[in-house]
Amino acid sequence: MSQFVEKQSYSFTDFIGSIEGFEERYQTDISSFKYFGFPVEPILEIEQSLISGQKVSAAYFSMEFGIAPSIYNSFEISRPMSENNQFFAHEVFSNYWLCDYLFKLQINKMLDIPIYGGGLGVLAGDAMKSSADLGYSTAGVGILWNKGYFKQKFWYKHGQVPDELKWDPLTYPGLIPLKNIVTIETKEGTIHLRLWKYYVFSYDKSRACPIILLDSNLEANSPMFQKLTDQLYRSDDVWWKVLQRVILGIGGMKALKSLGYHIGRYHLNEGHAAFALVEDFICREADGQSNEGKAKFTYTCHTPVAAGHDRFSIRDIGRFLSAEYVNAAVRLGKESPESDQINLTFMCLNNCPQVNAVAQKHGEITRLQFPAFKDKIQSITNGVHLHTWLSEPFQVLFDKFESVFGDWRAHPENLAKAADLKRDQAFRREIVEAHRSNKSNLIYILKRWQLSNEHLTIGWARRIAGYKRPALLFHKVDRLLEIAKTIGPLQIILAGKAHPNDDIGAAHIEEILDHIDQLNAHKNVIKVLILENYDTYFGKLLTNSVDVWLNNPLPPFEASGTSGMKAILNGVVQLSTLDGWVVEAADGDIGWIFGYRHEGAEIGHEMHLRLDEDSEALYNVLGDVSRLYYQTYQKGGVTLDSPWIDKMINCVAKSAFFNTQRMMQEYNARMWRLNV
Ligand SMILES: *Cc1c(COP(=O)(O)O)cnc(C)c1O
């Protein structure tokens with residue numbers, strides 16, 4: 001660290017000097033002006049900023065980061081890349097069997113850097129990108145998952161079968177191993193962790209933020225320790241769960257130190273990173289500065305139900321960590337005086353002066369669950385990164401109306417001006433055209449399955465979890481069929497992964513596959529497809545191209561949800577229960593709201609899914625949706641004054657708020673205070 005202070009500035013020589021194996025591997029892709037096709041200057045600037053401590057810097061800890069390089073800011077690589085990083089043939093399971101048997105979906109794209117599992121990670125990636133857009137001095141801290149989350153296979157009559165995912169970090173564009181190794185002492189020996197970096201660039205490539213990734217796959221480690229950073233959220237044993245969290249929290253703090261970064265704020269994205277507080281506590285004790293550092297921690301709580309929070313017995317933590325660490329963990333995170341449990345959520349709530357829930361409604365629920373902390377729990381509603389999730393036809397559209405939207409790239413809030421264009425016939429025509437272009441792209445990609453551009457197309461894609469009610473639309477298949485037969489044909493596209501150990505999730509997938517199978521006889525009026533391996537590529541494709549985005553979680557269990565935000569940005573109307581972010585947007589007539597509404601101080605039970613009543617409500621409203629759709633789009637033409645198009649425009653106007661730029665500005669104004 002001191003060497004840089006003396007030299008005043010971080011140079012290109014410093015940068016390449018930090019890379020492990022630069023001469024052998026990276027010389028062709030990293031030069032004094034290019035980093036995998038991107039400019040180097042922003043990298044030197046952010047490193048300088050993080051090291052010098054001239055500005056207040058933040059470290060954003062997260063178990064997962066969804067960066068989505070296949071759809072945004074893709075790096076170039078001149079060396080041959082491992083096949084495993086490039087191709088992924090997706091199988092499709094549909095109700096017209098022959099196609100599935102004959103074809104796969106071959107998409108020539110880069111594999112997502114597989115270090116995320118779902119929305120939490122995508123949010124972390126989007127937060128880093130908006131940090132770069134805003135010029136915040138921020139470093140991400142996460143884990144290099146050597147086998148990703150998992151690869152999903154659908155087996156007929158069997159549901160989801162998890163498979164091992166293989167990828168090659170050494171030929172993944174934009175990812176570099178560093179010489180830095182940090183160590184953690186455990187009762188089972190030393191864990192050695194290699195540090196890697198991945199830079200996230202701003203949309204105009206003028207600024208960047210590093211994400212530091214920890215990796216235990218080193219020869220210096222025992223064979224078991226080598227596997228610790230293989231699979232995200234391995235949960236078969238407390239050994240994996242505790243040590244993966246120890247790596248993120250304790251290893252992450254050590255990594256920042258090893259890089260010589262001066263960090264003024266530590267942000268914990270979910271309780272997984274809570275051990276960072278333990279490490280900080282121990283360092284402060286060692287330095288004799290008892291309490292002052294505490295003010296530096298902030299925490300985002302995502303989990304809506306108490307059962308979802310990580311807790312470990314003191315004895316289990318004592319199996320792995322020294323008495324000094326166990327005592328610190330007890331002091332910071334013991335659930336109650338008489339308990340023998342360390343609760344990571346409690347640890348964060350208790351020790352971070354600033355805490356946020358991820359939507360207004362989620363703030364209410366979190367305060368109900370943790371009344372002791374109700375005064376410090378604020379709500380900062382999630383968002384999505386505009387430049388990642390906005391489709392090209394909509395970029396062109398906003399540019400065409402530049403006199404209204406101004407510099408919307410730098411100011412996503414300008415999209416609210418769409419409301420002024422409601423009566424503008426040209427804008428109404430253009431938004432319909434932009435949507436059509438997205439929809440035909442989807443239908444082209446799925447061409448083997450012969451979908452129609454004219455038919456009402458509904459999308460549902462997300463992590464398969466009980467409270468999200470993945471099979472609600474099929475709860476009474478006859479009702480669905482009746483709508484398709486009497487009002488107009490339906491096309492339904494689904495995707496989603498269940499955690500490999502989640503038997504209930506797997507059962508949901510099996511149920512969906514069964515329903516799809518049974519609809520074979522009705523494929524002339526209803527086509528249903530489920531795509532394997534939902535990822536950010538499909539997330540973007542589906543959210544921007546279907547006519548209606550279906551969101552049917554059981555209120556109040558969806559903390560926020562973000563896929564609908566990607567949809568409204570692209571003028572895709574919502575068919576949703578009233579939960580998460582939707583509560584804050586519903587007054588804007590962005591589609592249709594249906595089903596159970598949560599009120600009052602009782603949270604209710606996650607297992608009481610209300611499938612009968614809410615599917616009934618869904619079918620009733622779907623009838624209205626379908627009627628309006630087929631009135632709006634008739635025989636290839638479109639009725640421009642249809643309320644459907646009003647709703648599309650309302651969606652765009654509402655998206656002005658639901659972006660990570662606004663979210664990061666709120667993090668900064670209300671929690672981080674970086675004085676940028
Ligand atoms: C956006 C996204 C999510 C989050 O969707 P929710 O609506 O919050 O469930 C999950 N996975 C992927 C791949 C995404 O792109």
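For ligands, and for the atoms within them, numbers begin at 1 and follow the listed sequence. Here, residue 1 is the first one in the sequence, and each next residue gets the next number.
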We want to know whether [X] and [Y] form a side-chain donor-acceptor pair, criterion being a heavy-atom distance below 3.5 angstrom.
X	Y	result
Gln491	Thr457	yes
Asp126	Trp389	yes
Glu64	Tyr233	yes

Report, one line per pair, each donor and acceptor closer than 3.5 Å where one atom sits in a side chain of residues 586-596; sequence neighbours left out.
unit_1	atom_1	unit_2	atom_2	d
Asp587	OD1	Lys654	NZ	3.2
Asp589	OD1	Lys647	NZ	2.8

Which pairs of N or O atoms, one from ligand 1 and one from the protein, are separated by less than 3.5 Å, and what is the distance for each pair?
unit_1	atom_1	unit_2	atom_2	d
ligand 1	7 (O)	Thr562	N	3.3
ligand 1	7 (O)	Ser563	N	2.9
ligand 1	7 (O)	Ser563	OG	2.5
ligand 1	8 (O)	Thr562	N	2.9
ligand 1	9 (O)	Lys468	NZ	2.8
ligand 1	15 (O)	Lys566	NZ	2.6

With sequence neighbours excluded, residues passing salt bridge (charged side-chain N to carboxylate O under 4.0 Å, His left out) with Asp230: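 In terms of salt bridge (charged side-chain N to carboxylate O under 4.0 Å, His left out), with neighbours along the sequence ignored, Asp230 is linked to Lys147.
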Qualifying residues under salt bridge (charged side-chain N to carboxylate O under 4.0 Å, His left out), relative to Asp624, sequence neighbours excluded: Arg627
